[in-house]
Structure formats: C-alpha cells, structure tokens
Amino acid sequence: MRRFYLIFGLFFLSTLGYSQDDESSFVSALRANLKNYNKQTNKIYEQNEFEKGQILFDSLVQNHLVGTTFQDYTLKSFEKRKLKLSSFKKPLFILTFASWCIPTKGQIPALNKLAQKYSKDVKFVILFWDKKHQVKQLANKFNHNITVCYAHESYKNDANIVAHLKHSLGFPTSYFLNQDLKVINIKRVTPQPEWTKNYVKAYTMNYNVFREGLGCLLIDKNIKNEQLSTN
C-alpha cells in the first residue's frame, strides 16, 4: 500500500526545477517542508502504520500547502490540445494518476458522477503520468465532463510539472484549486482491504472524499462572488 501512494520513495530536491522564489508558491512550500515529511513517513510506512501516515499527510497539507499558489502549468489533453491551467477560468479539481496504477473500486464511477453534477462550477482534470498511447484505453472510462491529460519525463516542457507533482506527493493525489490557482485542499483516499470485495463501500468512500474537496472549492467560489457583489 505504501507503493500505491509513495511511488518514488525518496524525494530528490536537486532534481526539481524551481522557478518560483515567492514564499507563497506551492513549489516553495514543497522545497521547505517535503524533505522532513518524507523522512517521517518513510519510517511510518515501513511499520505499516497507514493511519499515522495519513495524519502526517493531512498535517503537511493544512499547515504548509493550503493557501499556496500553483504555477500556471501547461497540460496536454487527450484531444491534442495544450491547455494552461488558467485557461479553464474555473476552480479546478485535478487528480493525478498512472495507467499502471489500478484505480480502487468505485473510484472512476464516483468521479464521473461528481463531474456530471458539478461541471458547471468546477473543471475536472485527470492528469496521467504516462505517454499518450498508454492513456488511451483508460481515457474512455471517464465521461465528457472530465478533461483527460498526460505528462511524461520524456516529453519536452514536462519537466517542471513531473518534478513538482509526480515526484513529490505521489499519486493518486487530488488537488483542489480555486480560479486563481490557489490551493484550497489536497486529498488522498486511503484504500481499505475490504474494498476489493465491497463495491458500495469503495464507491461511497471515494465519493465522499472527492465531494468534501469540491465542497471547499464551492464555498470559496461563493465567498468570492459575494465579495465581488458588495464592491
């Protein structure tokens, strides 16, 4: 299960192409805090203490990453388009994935259901750490409300996004950003052994975790709208 989340184990700071020195940036926050986080979690996961690992992850997110700002990364969509995050002009829900990382039961149906319900207010993006041909089969499982993208170490201009997101918090990881690319929340679903036999539990847990993150985005959007209307 540790491999499911921390795919690359150690985080090598020297491989990151940091281009933001602003203390409010997501990348700067990673640079300042991730080394210590990895040191702690490596010991915890070696002892199979997954609940403690989740607590440490949530602490990192809430104390250091929430409120920071993403770079305006350029994504390659499955439809052969290049899309900057800012071009969506909506709050963003980004789920990082890989074609060889088997989704938990109920995960894709939960995403499709939520995207169908909230796509008017939030842009849903699935970002695969794969080459295009490796994504094709899985891309068809997501409904039309979800934009499927991909990035890979071998592709030109993908170095930053791969280093900052893939080689940092592992995957699958959900990023919830407001329209200004500010981090509202980051979440991971901790799979349970019984999920392999119980679809309803797996679906419900995935749905609830994703819905909680979306709720934060919608609240933030409503607050911004209220502020604009009073000015």
Side-chain angles (χ1 to χ4, degrees), residues 3-22 25-31 34-35 38 65 68-104 107-108 111-112 115 119 122-183 186-189:
R3 184 171 179 268
F4 186 75
Y5 286 126
L6 302 178
I7 303 298
F8 294 93
L10 295 176
F11 179 78
F12 298 99
L13 293 177
S14 62
T15 66
L16 291 184
Y18 291 111
S19 59
Q20 286 184 316
D21 293 325
D22 184 353
S25 76
F26 176 75
V27 173
S28 294
L30 284 178
R31 177 172 52 186
L34 199 57
K35 184 176 182 180
N38 279 339
L65 302 182
T68 62
T69 303
F70 259 41
Q71 290 186 20
D72 194 6
Y73 299 110
T74 298
L75 306 180
K76 295 185 294 296
S77 77
F78 197 69
E79 292 79 17
K80 298 182 179 179
R81 291 182 298 156
K82 291 185 178 181
L83 302 165
K84 293 185 76 67
L85 294 183
S86 59
S87 70
F88 293 118
K89 301 186 183 304
K90 287 183 180 180
L92 288 166
F93 169 29
I94 303 172
L95 174 61
T96 61
F97 230 132
S99 61
W100 45 266
C101 184
I102 300 174
T104 60
Q107 192 168 56
I108 293 178
L111 286 168
N112 285 336
S119 60
V122 177
K123 184 62 184 178
F124 288 74
V125 177
I126 302 296
L127 176 57
F128 281 95
W129 303 120
D130 288 293
K131 294 182 178 179
K132 181 183 177 182
H133 71 274
Q134 295 170 314
V135 180
K136 188 173 182 179
Q137 185 175 358
L138 270 178
N140 295 327
K141 296 184 178 182
F142 298 95
N143 68 32
H144 68 279
N145 297 303
I146 299 175
T147 299
V148 179
C149 300
Y150 55 94
H152 193 267
E153 288 90 338
S154 65
Y155 289 147
K156 184 180 180 180
N157 301 324
D158 280 356
N160 276 350
I161 193 169
V162 168
H164 299 166
L165 302 187
K166 180 181 179 181
H167 293 306
S168 57
L169 300 181
F171 55 89
T173 301
S174 301
Y175 299 87
F176 300 88
L177 314 178
N178 70 10
Q179 189 171 327
D180 300 320
L181 307 186
K182 182 176 289 186
V183 176
I186 302 173
K187 301 188 77 66
R188 291 197 306 217
V189 178

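Quick note: numbers below take in every heavy atom, side chains included, and nothing from hydrogens, waters or symmetry partners. Counting from 1, the numbers follow the sequence of the chain as shown.
Once rounded to the nearest 0.5 Å, the distance linking OH of Tyr73 with CD1 of Ile161 reads 6.5 Å. Note: Phe124 CZ to Ser174 OG = 10.5 Å, rounded to the nearest 0.5 Å. To the nearest 0.5 Å, the span separating OG1 on Thr96 from CG on Leu169 amounts to 8.5 Å. For the atom pair Ser99 OG and Lys131 NZ, the distance stands at 11.5 Å (nearest 0.5 Å). Taking CZ from Arg188 and CG from Leu95, the interatomic distance works out to 12.0 Å, rounded to the nearest 0.5 Å. In this structure, Leu92 CG and Tyr175 OH are separated by 13.5 Å, a value rounded to the nearest 0.5 Å.
Residues Trp129 and His167 are not in side-chain contact: their nearest non-hydrogen atoms beyond the backbone lie 4.5 Å or more apart. For the pair Phe26/Leu181, no side-chain contact is recorded, criterion being any heavy-atom separation below 4.5 Å from C-beta on. Proximity of Ile126 to Leu138: side-chain heavy atoms (C-beta onward) are nowhere separated by under 4.5 Å.
Partners of Lys187 under the salt bridge (charged side-chain N to carboxylate O under 4.0 Å, His left out) rule, at least two apart in sequence or in another chain, are Glu212. Under the side chain to side chain contact (heavy atoms under 4.5 Å, CB included) criterion, Ser119 pairs with Asn145, not counting sequence neighbours. Phe176 meets the ring pair (Phe, Tyr, Trp, His ring centres under 6.0 Å) test with Phe93; sequence neighbours excluded. By the side-chain hydrogen bond (donor to acceptor under 3.5 Å, both in side chains) test, Thr147 is found to be paired with Lys123, residues two or more places apart in sequence or in another chain being considered. Here Ser87 pairs with nothing under the side-chain hydrogen bond (donor to acceptor under 3.5 Å, both in side chains) rule; sequence neighbours left out. Under the ring pair (Phe, Tyr, Trp, His ring centres under 6.0 Å) criterion, Phe142 pairs with no residue, sequence neighbours left out. Scanning for side-chain hydrogen bond (donor to acceptor under 3.5 Å, both in side chains) contacts around Lys182 gives an empty result, with sequence neighbours left out. For Asp130, there are no salt bridge (charged side-chain N to carboxylate O under 4.0 Å, His left out) partners, not counting sequence neighbours.
Sequence neighbours left out, not one pair with a member in residues 138-148 passes salt bridge (Lys or Arg N to Asp or Glu O under 4.0 Å).
Residues Leu111 and Ile146 approach most closely at O-CD1, 4.0 Å, considering heavy atoms. Pairing each heavy atom of Asp180 with each of Asn178, the nearest pair is N-OD1, 2.9 Å. The heavy-atom pair separating His152 from Val162 by the smallest distance is C-CG2, 4.0 Å. Shortest non-hydrogen contact noted between Cys149 and Ser77 is SG-CA, 3.8 Å. Shortest non-hydrogen contact noted between Gln71 and Leu85 is O-CD1, 3.7 Å.
The environment of Lys90 atom NZ is dense: over 12 non-hydrogen atoms of other residues, nucleotides or ligands sit within 6.0 angstrom. More than 12 heavy atoms of other shown residues, nucleotides or ligands fall within 6.0 angstrom of atom NZ in Lys84.
Remark: side-chain polar atoms of Asp158 are not paired, donor with acceptor, to backbone N or O of Ala151 under 3.5 angstrom.
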Please walk me through it: do Tyr150 and Phe128 pass ring-ring contact (aromatic ring centres under 6.0 Å, His included)?
CA-CA 5 Å; Tyr150 55 94; Phe128 281 95; 9.2 Å; no
